Structures are given as structure tokens and as C-alpha cells.
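Given the structure is predicted, the values throughout are model-derived calculations rather than measurements. Residue numbers run from 1 in the order of the sequence given.
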Amino acid sequence: MFNTQAASVFRSCTNALSSRTLARSSVNASSRRAALAMRSRYYSDKAPPSEESQPAEESEKDEVEVSPETTLLKQLKAEEAKVADCMGRLRYLQADFLNLQRNAAREKEQARDFAISRFAKDLLETVDVLSLALKSIPKSAVTPPETPDASSSSSSSSSSDTPAEKTPDTHLRELYEGVEATQRLLLHTLFKHHVKPFDPTGEKFDPNRHEALYQAPIPGKEPGTVLECQKVGYMIKDRVLRAAQVGVVQDTSS
């Protein structure tokens, strides 16, 4: 009997303890759920304000960037950049045009000054022939003879009215004078067109202005100097129209 009562009391205590444990576990679970719900509500309540504040800030930024003053400043800077680009191109074009004008004027001047270069070079052969003709006659043959006395001349003129015939020496002298006058006139015409002769005898040999025909060792002469000029050279302004044909002193030290 006693055992039966003890077993019933033990069962009742066990049932009470289990009911209390279950109640506590349910309370704990409910409290956890409530805490989670509060946290989710807190996050959900905090999130919308941030989402609403971001569009507000973006709208304020858009309003600042798209303001009329900013737009006008951007347009003004763009136009200033275009003006600077156009001015730079204009300066380059102006400089190119000035260079073109200078080059055209220089080419025109050179064409005017050197247009007769080929013709003048052909005329130089005629000048050379006239010079050779004058050199072929010695000075003694063209020197006029001494004039006779006035008395003898007056008597001879009175005795005969017929003019005296010219001697061969007189003809030769007159021919020489005519050739010399022709050469002088031709050279004067070339001078007017800036064509001038030059004789480099005694000067230092310059391959740009001289043409060496031969070399000869000459004692007492500096090697490399012009010994003899067989054919004079000619310049047209600052250009060599024809190089002088010369003989050069040879260097015998080697």
C-alpha cells in the first residue's frame, strides 16, 4: 500500500516538473522570437529612411550640377577652347602664308637674276675667242709709228693732194682696235647683267671656283696656290657661272 502511494506521489512530482520545464522552454522560445521580431522591425524601420535620404541627396546634387550657372560656365569654357584652337590655326596659316610669300619673292628674284645664265655661258665662248684673237697679235705690231715733223707733213700735203694709201700695219692696227672694242662692249653688256670675270692667279686653289688643269712643282711658291690662269672664270652675282681653268703649284714635300 505504502509503495503504491509513493509511486503515485513520484509520478505527480515528475509530471509537475516536466510541465514547468516545458513552460519555461516555451517562454524562452517565445522571448527569442519576440527579440528576433524586434530586431527585424528595427532593421526594417531603419532601412527606409536611408533609402529615402539617398534619393534626396542625389536630387540635391542633380539640382546643383544642372543649375543654369554651371551650364553657362561649361558652355563658356567650351567656346573659349574653340576660340583658342581657331586662333592657333590662324597663326599657323598666317606663318605659312608669310613663308610662302618670302619663298615666292626669292624664287622670283632668282629667276630674274639667273634667267640668262645659259645664254651668258654661251656668250663666254665668244669672249674667249675675242681674247685669243687679241693675244695673238703682239703689242709692238699694233703700236702706232712716230708721227713725222710738221714741216715735212705740210710739204708732202702740198705736193700731192691724193690721200696716202694705208699700210698693212695700219689695217692690222685698225682690226685690232675693232676687235678690242667688240670685246669691251660685250663685257660691258655682261656686266649690266651681273656677269663678271675673275682671275685667281696667286690665290689659294678653291675646287668650287677653280678647275685644275695641271700641277707643277715650283720652288719658292706655296703649294696649293694658283700658278697660272689659262681661262678666266665668271661669276653671275654670287654663283659660279664658269670655273677658272688654272695650273696649281704641286706639293713636293711628300
Side-chain angles (χ1 to χ4, degrees), residues 95-145 165-252 254:
D96 290 340
F97 183 71
L98 290 176
N99 291 333
L100 180 62
Q101 281 185 330
R102 294 192 191 98
N103 294 334
R106 184 171 61 252
E107 290 176 359
K108 183 179 179 180
E109 183 179 0
Q110 290 179 355
R112 184 185 65 237
D113 294 338
F114 305 112
I116 64 166
S117 296
R118 185 176 298 177
F119 178 69
K121 193 172 183 179
D122 293 337
L123 283 180
L124 297 181
E125 299 296 331
T126 305
V127 177
D128 294 337
V129 170
L130 294 175
S131 299
L132 289 175
L134 295 175
K135 289 180 180 178
S136 63
I137 302 175
K139 291 292 185 180
S140 59
V142 295
T143 303
E165 293 182 358
K166 294 181 179 180
T167 61
D169 293 338
T170 305
H171 287 290
L172 181 61
R173 186 169 56 253
E174 290 177 356
L175 178 62
Y176 182 87
E177 291 174 356
V179 173
E180 188 179 15
T182 304
Q183 185 199 30
R184 186 167 54 251
L185 181 61
L186 186 56
L187 288 175
H188 180 69
T189 304
L190 292 175
F191 286 163
K192 289 193 298 184
H193 295 281
H194 309 287
V195 179
K196 298 179 181 180
F198 65 93
D199 187 351
T201 303
E203 297 179 2
K204 195 73 175 176
F205 178 75
D206 185 3
N208 297 320
R209 301 173 68 242
H210 308 151
E211 180 183 355
L213 299 179
Y214 65 91
Q215 288 184 342
I218 305 296
K221 294 285 187 179
E222 183 182 359
T225 57
V226 176
L227 173 64
E228 179 189 5
C229 180
Q230 292 190 355
K231 188 180 287 188
V232 297
Y234 284 88
M235 300 282 295
I236 177 168
K237 280 204 166 181
D238 56 346
R239 290 186 182 180
V240 177
L241 184 61
R242 189 184 71 182
Q245 297 180 0
V246 299
V248 184
V249 178
Q250 187 177 7
D251 187 7
T252 58
S254 61

4.5 Å side-chain heavy-atom contact, Val249 and Phe205: no
Selection residues 212-225 - residue pairs positive for side-chain hydrogen bond (donor to acceptor under 3.5 Å, both in side chains), sequence neighbours left out: Tyr214-Glu228
Where at least one partner belongs to residues 176-188, residue pairs that pass salt bridge (Lys or Arg N to Asp or Glu O under 4.0 Å), sequence neighbours excluded: none
Which residues pass the side-chain contact (heavy atoms from CB on, under 4.5 Å) test with Asp206, not counting sequence neighbours? Asn208, Arg209, His210
I'd like to check the side-chain contact (heavy atoms from CB on, under 4.5 Å) partners of Arg106; sequence neighbours left out, ordered by chain and number. Asn103, Gln110
Straight-line distance of Glu211 CD to Gln245 CD, nearest 0.5 Å: 4.5 Å
Could you note down all residue pairs passing salt bridge (Lys or Arg N to Asp or Glu O under 4.0 Å) where residues 96-105 supplies at least one of them, sequence neighbours left out? none
Sequence-distant partners of Val179, side-chain contact (heavy atoms from CB on, under 4.5 Å), two or more places apart: Leu130, Ala133, Leu134, Leu175
Does anything in residues 128-140 pair up under side-chain hydrogen bond (donor to acceptor under 3.5 Å, both in side chains), and if so which pairs, sequence neighbours excluded? Asp128-Arg242, Ser131-Gln183, Lys139-Tyr176
Solution key, residues 186-201 side-chain donor-acceptor pairs under 3.5 Å, sequence neighbours excluded:
unit_1: Thr189; atom_1: OG1; unit_2: Leu185; atom_2: O; d: 2.9
unit_1: Asp199; atom_1: OD1; unit_2: Thr201; atom_2: N; d: 3.3
unit_1: Asp199; atom_1: OD1; unit_2: Thr201; atom_2: OG1; d: 2.8

For Ser117, check side-chain contact (heavy atoms from CB on, under 4.5 Å) against everything at least two apart and list the hits. Phe114, Ile236, Leu241
Hey, can you pull the donor-acceptor pairs under 3.5 Å for the side chains in residues 119-126, sequence neighbours left out?
none

Contact between Met235 and Val240 at the side-chain level, heavy atoms closer than 4.5 Å - yes or no? yes
Applying salt bridge (charged side-chain N to carboxylate O under 4.0 Å, His left out) to Glu174 and not counting sequence neighbours gives Lys166
Is the closest side-chain heavy-atom distance between Leu227 and Ile218 below 4.5 Å? yes
